[in-house]
Every structure is written in structure tokens, then in C-alpha cells.
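Report on one structure; see the data block that follows.
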Amino acid sequence: MKLGIVVNEGPYTHEASDTAYNFVVAALEKGHEIFRVFFYHDGVNNATRLTVPPQDDRNIQQKWTDLQAKHDLDLVVCIAAAQRRGILDENEMKRQGKDAYNIAPGFRISGLGQLIEAGIQCDRLVTFGD
Amino acid sequence: MKLGIVVNEGPYTHEASDTAYNFVVAALEKGHEIFRVFFYHDGVNNATRLTVPPQDDRNIQQKWTDLQAKHDLDLVVCIAAAQRRGILDENEMKRQGKDAYNIAPGFRISGLGQLIEAGIQCDRLVTFGD
Amino acid sequence: MAMLHIVNKSPYEKGALESCLNHALEGDTVILIEDGVYACVKGGRAANALASVKGIRFAALSADLKARGIGEDKMTEGVDVVDYGGFVDLVTSCDKTESWL
Amino acid sequence: MAMLHIVNKSPYEKGALESCLNHALEGDTVILIEDGVYACVKGGRAANALASVKGIRFAALSADLKARGIGEDKMTEGVDVVDYGGFVDLVTSCDKTESWL
Amino acid sequence: MSEGIKKFLYVNRKAPHGTIYALEALEVVLIGAAFEQDVSLAFLDDGVFQLVKGWDTKELGSKNFAPTYMALGDYDVSKIYVEKESLEERGLSEDDLMELTYEDEDDDWAEKSSIHIVSREEMARLMAANDVILSF
Amino acid sequence: MSEGIKKFLYVNRKAPHGTIYALEALEVVLIGAAFEQDVSLAFLDDGVFQLVKGWDTKELGSKNFAPTYMALGDYDVSKIYVEKESLEERGLSEDDLMELTYEDEDDDWAEKSSIHIVSREEMARLMAANDVILSF
């Protein structure tokens, strides 16, 4: 089946991102297609490459980045939610006149239409949040 | 009186930062001393200068930065909480081998001892969070 | 040694106000802020619960009431409305604060 | 048209599970994940509430039970323990999902 | 579902202002309106507080997004369901809510109320009758 | 308060794992232990779930920070109060909790339990008896 995933909370602060990651891994193992993972609300905070988690803890951003590379996942960060929270890619950095950007490899910034499209295209949409 | 303030949630997502800001302004107007504002948990997300809030909304980071400049406030961001969430100053960027940093003017990164010290030194400690 | 209890959660979503009231002592003050002010809506289950509490002073933050459309006509009785300055005064007039997050 | 309801909140802190049960229809499934698994602790008020619900299937995520020290000895009856793969199967076998955030 | 049209239900269960979920949910609804799907909004639990009229966010200093609810009708979002039991428990009635309207193109563009007060049981059936549920 | 020593109370009301508050609260307690204040920890409401023994976070993939609770005694954090009513409502008893101990320097370093099960009323008085309350 074609599955869409929504992640609404940031890493570490809430378990939602861990659950979504584990769910996606299990779905891929079962042969399902992950149409898209959409990061909304504080979920956009999963996409910063500037995190430095403690050495004895997991690196959630890195786990998403690695999973994306392995399975060519479409990890979409909502642009409006990302701007509000200071998650920028190089393009947004230039457009907004900022002097740095922080998006991690494997994530792309796009609009809320990508969430609606996932709802339309997918057989199931599953939301993880708080 | 000498007041210490703790902010535990990020801007926009929760009202805690707005409340803390308005409380600090009111306390200063009444002649109280703000010993320190300590940002913990997701509160560290108040300190990124990369936010681009919608034009018709408040810029919470800028409000803190401006208030700091006006009253020489001590705005302290917890280093452990900040690392986990990707908030870095230039020094931390170098130390962690990262290629960008995002801390906003007026905030400084330091340890949890600064929170305990605020508890010891202040007549009142007030926590805003979720 | 009076305490200022700070409650910022909707009493309809979370148990913070109930737990606070279970632990507040006579002479303490409870200030309702943020979504906590929903406890003030007249006729609501939470407002009825507030009315049954004795020996505790209740206050609510005006900015949060106004933002949520809770005007005087919708306010339950027995809750003092304070602005941020009044909130500061409550903090300094009590001995310490406890936030029921 | 069975629904999979996903509940990730502690029933002792928030009203999500109660609201979910108020809106679940016969034949639906409720999966308890994250702090939602605390509803499974035998003898707790929430577990007693679960036991009184008819016509709904309950599941709980093993990873979240284990993380929280809720072993078989502490589990209430009538809740199926599933792993992440079992969670995926529930999603695909029901017609749609609703997350009670 | 008929010919690619899906029934979307946006479920709003959280109060406004204290957290951003209500505001960001609205942003999804507005964008979603462009996709020509069958859209309904449900307000239950603390979500009913989102529709209480008379917001004034000046003292708080945050954005007053009440006008966005008023604009929903212009975006052809006209099916708004509010749970009666949730209102009553919170001391509210329909009179306390914003007046949300739309112009009915099938009735000479007459202005009609978008708000339907429904029982908990009707709300449960409404949820079951949709294809995609987005929760906030 | 006597000669600069303040009574600090850390109030833990949230469950572990679902959110980070429990873990980051512990980080404050450990740092705070170096400051030679009078420290107590309170666990009530869902906070009592933090002390349930037998965590295994392997399948979840998150950090198992249960050992940090066990280490509190080594940091001279030995006054841990757990509310009886909160336990009972959740189907728990003291037997379900981690064994947290400290070595009593006034009693020839005898190993003693740090956990005190207290009633709701005692918890209320405990809160009132402290100078600084940090809530998580």
C-alpha cells in the first residue's frame, strides 16, 4: 500500500518522531511504499543539521537522513512552519536575507500542498504528534 | 525584588514565551530587577536568529533581543538543551565541528548551573512552560 | 508562607488545575493564565469546580481572557482579573511560586 | 468502514483516550502508543475504563510498553500487544486512521 | 469515494492561543481548499474554544487570527461541525460562537450559516464517513 | 532559610519517554546537586511513572536513562517523595518502583531507601515547606 506520514513534533522533546521513524522502517520492511513524510508544526525541527545530541543517545536527524538516502524517501518540511521556527535551506536563506541555513541532507522544504497531495494520493495517512 | 524567569517552550508553538516576555516587561516597569531569564527544554528555540515569522505576526526572538539591549538582561540558553535542538553560538559551532550557527544577538549559551544559581540568588523564581 | 500557584492548562484537556487544587493550602493564591483561563467560563464544569473551593484566592490574567473572548459577561464569579503588572504583584506578595505545567 | 484510532496520551494526564472512546464505533480498533500505553497498567483507573468498553478491539505497542517497564505481569487483560510491524498491519487492515493528539 | 474526490475531515480538538495548533491547522485548511476535495471541519473537546467570538489579542501581543475563520466561507469551506456536548460541558452555546457563513451557489448565493451543532453520536458518524482525517 | 542554604524542590508530574521533561529534569537535579543546597524530589500525577522499574528502551531506540535515577544517591540526592494517591490511581504500588538508595553518613554509611511514600496532604505540606520549586 501507499502510505503517507505526518510528523508534528520535534525530536527528543516528544516521542512522535521516534515512533514515526520506527513505523516507516517497519512499513518499508513489509514492502509498503512510503509516498511522503511530511514534517509540520514543531516537526520541522527534525530537519536541522545543527543538532549535537549526547554521545550516548540516538541522533534522530541523522537516522532520518540515512533512511532517506537508503530508500529515496521524500522528506518534506513545511515552509511556513519552518520559517516560523528558523529552519532554512540555502535558497530560503538568500530569499529572506539571512546569513546562515541549517537544513539537514535528505530533507526538502516545500508548501502545505504537499500534505494535501499526500492525503489524496495515499491509501492511508498516519499522523504522529502531540 | 530580584526575579528569575524560566522559559521552557519555543516561540509560537506555545504561549509560554509571550507570557514570560510580557511578565518581564511588567516587572521591569514596576522597578524589579530581572536577575536572569533562563531558557530550557524547547525554550532554547527562542534564541535562533533564523526565524522568519509572517509579516503580520510578532517576531518573538526580536522582542527578546530588543528587550535585552534596552535593559541589559541576562538571557541564558541552556547548553545541553540547545545542543540537542540545534541552537549553537559561534564557539559551539567550532567546538562541535559544525558549519553554521544560529544564535540570536542578546542571548548567551551557558550551563544548567546558571538556573540553579538563579534559584539561589533570586527572591522569586517563576517558570513558564507547557 | 503563602504560595502562588500558576496554572496555564485548560482544565478540560489536562489535569493540572485539579492537581493544583488538590495541593493548594488555605491562604494560597491560584492565578489562571494562558489556556488556564478557560476555567473561568461561567456555567462550565471547571468554573463550578472552582466555586466549591474554599480558602483559596483565584485570579486570572486579563490579556489571556481578552484574547479568548471571555468578557465580563462570560466570567464566573469569585475570580479577580489582573493584568501582567497585577501578576507581578502576586508573585512578589506571595512567598514563592509553583507552576503546574 | 472500520477506523484505527491512535492514542498516544496518558489517560491520567489528558482526555484523549476518553474522547476517543466516546467517538469510536463498534468494529473500530484503538491502538495505544507512546504514553497512551499507560492505560494498560492493570488495576489502574484507565484499565478499568477500557474493560467496560464493548465492541472495540484494543492493541498496544510493545516498544512503548517495554520502555516503560509494563511487562506481562502488569498488563491488563484484553489488549493485544503488537510490534511496529503489527502497527503497520493495523493501519493497512483498517480503512483509515484518526490520531487523537 | 467518487472519481478522485476524497472526503477530508479536519479535526480540531485544541484551544487557540495557548498553542499554535489551531492557527497552523487553519493554514492547512486554506491551502487544502484549493485542491477541490470534499472538506469538512470538526470542532470538539477544547477545539470548540476556537470558535468563541470576541477575541482581542492586543494586550497579549499575539496575532488575532479570528478573521481567518470568518474567511472560510470565501474559500468554499462551509461544512463546520461543532459538538454540542463539548460546548455544554464548557459553559458555551451556539450564541457564544463566531458567525461563520457562506454563500450558497445553489440557492441564488443566499448567505447561510456554515455551523452545524451536532451531537457526540453524530460527530462519531461524521468521522467514520470521511476518507482522510487530519488531526490538530 | 538558614545562612544561604535554600530548600529546593523538584516537582515531577510527567511520564517518561513520551516527552523529554523527565530526562531533562534529571539533568537539572544532577547539576544542582553540586550547589550544596537542601534538595528534595517530588513525584506525583504521571510523574510516578518515572520510577517504575524494568525499563527496556531497545525496541523503541531511545536512551534508557533509568540508571540516572539509581545514581541520585551518589549525588547526595536522597529525599525522594512519591505520592500514594497518584500511585494507587495508576494501579501501582511501592513494589513496582525502582529501588533508590543512599548511604547514610550519620549511620555508618548504612544503605537506606531514598523513597518516601507520602499522602497527598503530606505532599501539599512538603511543597509549602520549600523555598524554590522547579516544575517539570
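Throughout, protein chains are lettered first and strands after them, A, B, ... in sequence-line order, and every chain is numbered starting at 1.
In this structure the side chain of C:Met3 reaches within 4.5 angstrom of the side chain of F:Ile133, judged on heavy atoms. Looking at C:Glu98 and F:Val11, their side chains come closer than 4.5 Å, going by heavy atoms from C-beta outward. The shortest side-chain heavy-atom distance between F:Arg125 and C:His23 does not fall under the 4.5 Å cut-off.
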Solution key, residues 80-90 of chain C side-chain donor-acceptor pairs under 3.5 Å, sequence neighbours excluded:
{"residue": "C:Asp80", "atom": "OD2", "partner": "C:Arg57", "partner atom": "NE", "Å": "3.0"}
{"residue": "C:Asp80", "atom": "OD2", "partner": "C:Arg57", "partner atom": "NH2", "Å": "3.2"}
{"residue": "C:Asp83", "atom": "OD1", "partner": "C:Gly85", "partner atom": "N", "Å": "3.1"}
{"residue": "C:Asp83", "atom": "OD1", "partner": "C:Gly86", "partner atom": "N", "Å": "2.8"}
{"residue": "C:Tyr84", "atom": "OH", "partner": "B:Asn22", "partner atom": "ND2", "Å": "3.0"}
{"residue": "C:Asp89", "atom": "OD1", "partner": "B:Lys30", "partner atom": "NZ", "Å": "3.2"}
{"residue": "C:Asp89", "atom": "OD2", "partner": "B:Lys30", "partner atom": "NZ", "Å": "3.0"}

Show which side-chain atoms of residues 38-46 of chain C pair as donor or acceptor with protein atoms under 3.5 Å away, not counting sequence neighbours.
{"residue": "C:Lys42", "atom": "NZ", "partner": "C:Asp73", "partner atom": "O", "Å": "2.9"}
{"residue": "C:Arg45", "atom": "NE", "partner": "E:Glu89", "partner atom": "OE2", "Å": "2.8"}
{"residue": "C:Arg45", "atom": "NH2", "partner": "E:Glu89", "partner atom": "OE2", "Å": "2.7"}

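Only the side chain of C:Leu25 comes within less than 4.5 Å of a heavy atom in chain F; its backbone stays farther off.
With a 6.0 Å radius and a threshold of 12 heavy atoms from other residues, nucleotides or ligands, F:Tyr75 has its OH atom at or below the threshold. By the neighbour-count criterion of 12 heavy atoms within 6.0 Å, atom CD of F:Glu27 is densely surrounded, having more than that number from other residues, nucleotides or ligands. Counting non-hydrogen atoms of neighbouring residues, nucleotides and ligands closer than 6.0 angstrom, the NZ atom of F:Lys79 exceeds 12 such neighbours. Taking a 6.0 Å sphere around CD of F:Glu88, one finds it holds more than 12 heavy atoms contributed by other residues, nucleotides or ligands. For F:Glu121, the CD atom counts as loosely surrounded, since its 6.0 Å shell holds 12 or fewer non-hydrogen atoms of other residues, nucleotides or ligands.
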Could you walk me through whether F:Met127 and C:His5 pass the side-chain contact (heavy atoms from CB on, under 4.5 Å) test, one step at a time?
-> CA-CA 11 Å; F:Met127 288 171 172; C:His5 301 271; 5.7 Å; no
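Closest approach of F:Ser135 and C:Ser99 over heavy atoms only: OG-O, 2.9 Å. Between C:Asn22 and F:Arg120, the closest heavy-atom pair is ND2-NH1, 3.4 Å.
The ring-ring contact (aromatic ring centres under 6.0 Å, His included) contacts involving residues 115-136 of chain F comprise B:His41-F:Phe136, F:Tyr81-F:His116, where partners must be two or more places apart or lie in separate chains.
Close approach to chain C, defined as a heavy atom under 4.5 Å from one of its heavy atoms, is seen in F:Leu44, F:Asp45 of residues 36-60 of chain F, taken by number.
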